[in-house]
Amino acid sequence: MLDIQMLRTNMEAVVAALQSRGMAFDPTEFQALEAERKALQTRTQELQARRNSLSKQIGMLKGKGEDASAVMAEVGGLGDELKANEQALSNLLARLEAVLSGLPNMPHETVPVGTSEADNVEILRWGSPREFDFTPRDHVDIGAGLGGLDFEAAVKLSGSRFAVMRSGVARLHRALAQFMLDVHTREHGYTEIYVPYLVNEASMFGTGQLPKFEEDLFSVPRGEDGRFYLIPTSEVPVTNMVRGQLLAADELPMKFVGHTPCFRSEAGSYGRDTRGMIRQHQFDKVELVRIERPEDSWTALEELVGHAESILQRLGLPYRKLALCTGDMGFSAAKTYDLEVWLPAQDTYREISSCSNCGDFQARRMQARVRNAQGKNEFLHTLNGSGLAVGRTLVAVLENYQQADGAVVVPEALIPWMGGVERIEPVGKTA
RNA sequence: GGAAGCGUGGCCGAGUGGUUGAAGGCAGCGGUCUUGAAAACCGCCAGGGGUUUACGCCCCUCGUGAGUUCGAAUCUCACCGCUUCCGCCA
């Protein structure tokens, strides 16, 4: 959520910032509501002040045993107008809130301006794609050859965009998640956290999924008209840990790493990435979340991306790092780096991690604050990044480490998490 | 699922209709004392919002939302959550 003061005092900057994201924001509705709000709020508060002082008089008169009926009659006359004004004001504030909660974050000044992913800026490439002396197959064929990936079974169980993994591939998937968790907790100083996969509406609002992106979420009914939402990323429950809290400065930073499944309806992506595990309704992700003092968040973002990169490096997976342009960033982000891993079968880089500093945008929605060194309360900053998407990492390992005979070599760094297994053999050969 | 109790400021905890936005304690901040620290003592200290050049003035907030009343932390109802007991259960 943007600061309403910003919209009141510097609307041009807001309009320009949203424009750079490709969002045409017409401020006239907001400004009309705001003018109305000012008049209504002033009037309402006058009436409230009058009622309060008259009521106080009544208390004093009665305390002295004097007659208060005249004053009571006067204050009684205020009732209808006051009630009407309070109601109107509350409606108006709700409408302002609705406008405000639908506006995305303002990009940081260092974010490249652009309209689509074509304008993202490549910052670096790490590793070089392997030269194959055979035609590399994609992970679907490799997985089938290993007897480890079964999309037909998943269709039977659930439908499209799900996967069943077996034997060595399932083991590899588990090993990757464990490996990531261990690296981030042991070497990068993150605290492991386990969180609910079903969350309430307030949590989804806090991180910015609601109210605007409900169609991307799965939900289950709960009670009369309530519902749980399935998390689309553990960013939601983990970040919301600090919702409604006022923290002491020395409680920050908080660095969390969580491994959860993620659920996305993928509405609006019909026909995209229909083959394989790239785009699923359910996938696992190891997520890094940092709760930071405002002055530290930009350093923290660079550090966070580095932590995600380190996983790719240890696995020996070639990747590139992009700074997303204004037009390609997510709703809550002030700045985002994407990491894209090399997929030989697609002969291209594909997103495997997205690391963002949300600044105070989520904190304002969550009312999450920190008492700074000067004793002032301010909104803290939140960051999150994939470290990494486990399913896509599995795809990358299968494709980059495939052998001519159909086997897949386990990346050296991962062998301890595979119980010493160095190769996953195709079915027909010894497993 | 049934029964009972409870939800107050950063934390703990008093407060059952009227100058109570709220005693007291802890934490924090400033000071006295001390070579320094601790202890002791003194003072300050809820959050959000409106308005004002400013001093200030005003409004809202005691889990959330409705209601009763001239006036609600305090009374009523609903919802949410927590605790204990019973039932069920990985």
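A note on names: the letters A, B, ... follow the listed sequences, proteins ahead of strands, and every chain is numbered from 1. As a basis for the values below, the full set of heavy atoms in this structure was taken, side chains included, without hydrogen atoms, waters or symmetry mates.
Taking the P atoms as reference points, B:A22 lies 13 Å from B:G47, given to the whole Å. Comparing the same atom, P, in B:A23 and in B:A73 gives a spacing of 15 Å after rounding to whole Å. Spacing of P atoms, B:U69 relative to B:U64, comes out at 23 Å, to the nearest Å. Annotation: B:G10 and B:C70 have their P atoms spaced 34 Å apart (nearest Å). The C1' atoms of B:C79 and B:G21 are separated by 26 Å, rounded to the nearest whole Å.
Aromatic ring orientation, A:H307 versus A:H188: parallel (interplanar angle below 30°, classes split at 30° and 60°).
Computed from coordinates, the A:L89 CG to B:U61 P distance equals 12 Å when rounded to whole Å. Counting to the nearest Å, the C1' atom of B:G28 and the CG atom of A:L247 are 15 Å from each other. Rounded to an integer number of Å, the gap from A:E251 CD to B:A27 C1' is 12 Å. When the P atom of B:G28 is taken as reference, atom CG of A:N377 falls 17 Å away, rounded to whole Å. A:R227 places its CZ atom 16 Å from the P atom of B:C80, with the value rounded to the nearest Å. Atom CD of A:E201 and atom C1' of B:C80 are 13 Å apart (whole Å). As a whole-Å value, the separation of A:L78 CG from B:C59 P is 13 Å.
Residue pairs satisfying the ring pair (Phe, Tyr, Trp, His ring centres under 6.0 Å) criterion with at least one member in residues 357-401 of chain A, sequence neighbours excluded, are listed as follows: A:F331-A:F361.
Between the A:R243 side chain and the A:M366 main chain, no donor and acceptor come within less than 3.5 Å of each other. Side chain of A:S269 to backbone of A:E266: a donor-acceptor contact under 3.5 angstrom is found.
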Query - salt bridge (Lys or Arg N to Asp or Glu O under 4.0 Å) evaluation trace for A:R43 with A:E81 - result: CA-CA 10 Å; A:R43 177 66 186 147; A:E81 190 188 355; 2.8 Å; yes
Query raised in the report: Step by step, would you call A:K321 with A:E309 a salt bridge (Lys or Arg N to Asp or Glu O under 4.0 Å)?
Result: CA-CA 9 Å; A:K321 176 178 175 182; A:E309 287 179 69; 3.3 Å; yes
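The pairing partner recorded for B:C85 is B:G2, the criterion being a Watson-Crick or G-U wobble arrangement whose two distances lie under 3.5 angstrom.
Shown here is A:E152, whose CD atom has no more than 12 heavy atoms of other residues, nucleotides or ligands within 6.0 Å.
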Are any protein N/O atoms closer than 3.5 Å to N/O atoms in nucleotides 52-58 of chain B? If there are, list each pair with its distance.
none

Which atoms of nucleotides 67-73 of chain B (N or O only) lie under 3.5 Å from a protein N or O atom, and what are those distances?
from: B:C70; atom 1: O2'; to: A:S55; atom 2: OG; distance (Å): 3.0
from: B:G71; atom 1: O4'; to: A:S55; atom 2: OG; distance (Å): 3.3

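One finds no side-chain N or O of A:R371 lying less than 4.0 angstrom from the OP1 or OP2 phosphate oxygen of B:C29.
Mapping A:S90 and A:R8 onto RNA chain B via the closest heavy atom, the residue that lands nearer the 5' end is A:R8.
In this structure, A:R37 reaches the sugar-phosphate backbone alone: every heavy-atom distance under 4.0 Å involves primed, P, OP1 or OP2 atoms, never a base. A:E86 comes within 4.0 angstrom of nothing in the nucleic acid, heavy atoms only.
Contact of the A:V75 side chain with the A:I58 side chain is registered, since non-hydrogen atoms from C-beta on lie closer than 4.5 Å.
No side-chain N or O of A:S265 forms a donor-acceptor pair with one of A:D216 less than 3.5 Å apart.
Between A:H259 and A:Y194, the distance separating the two ring centers is not shorter than 6.0 angstrom.
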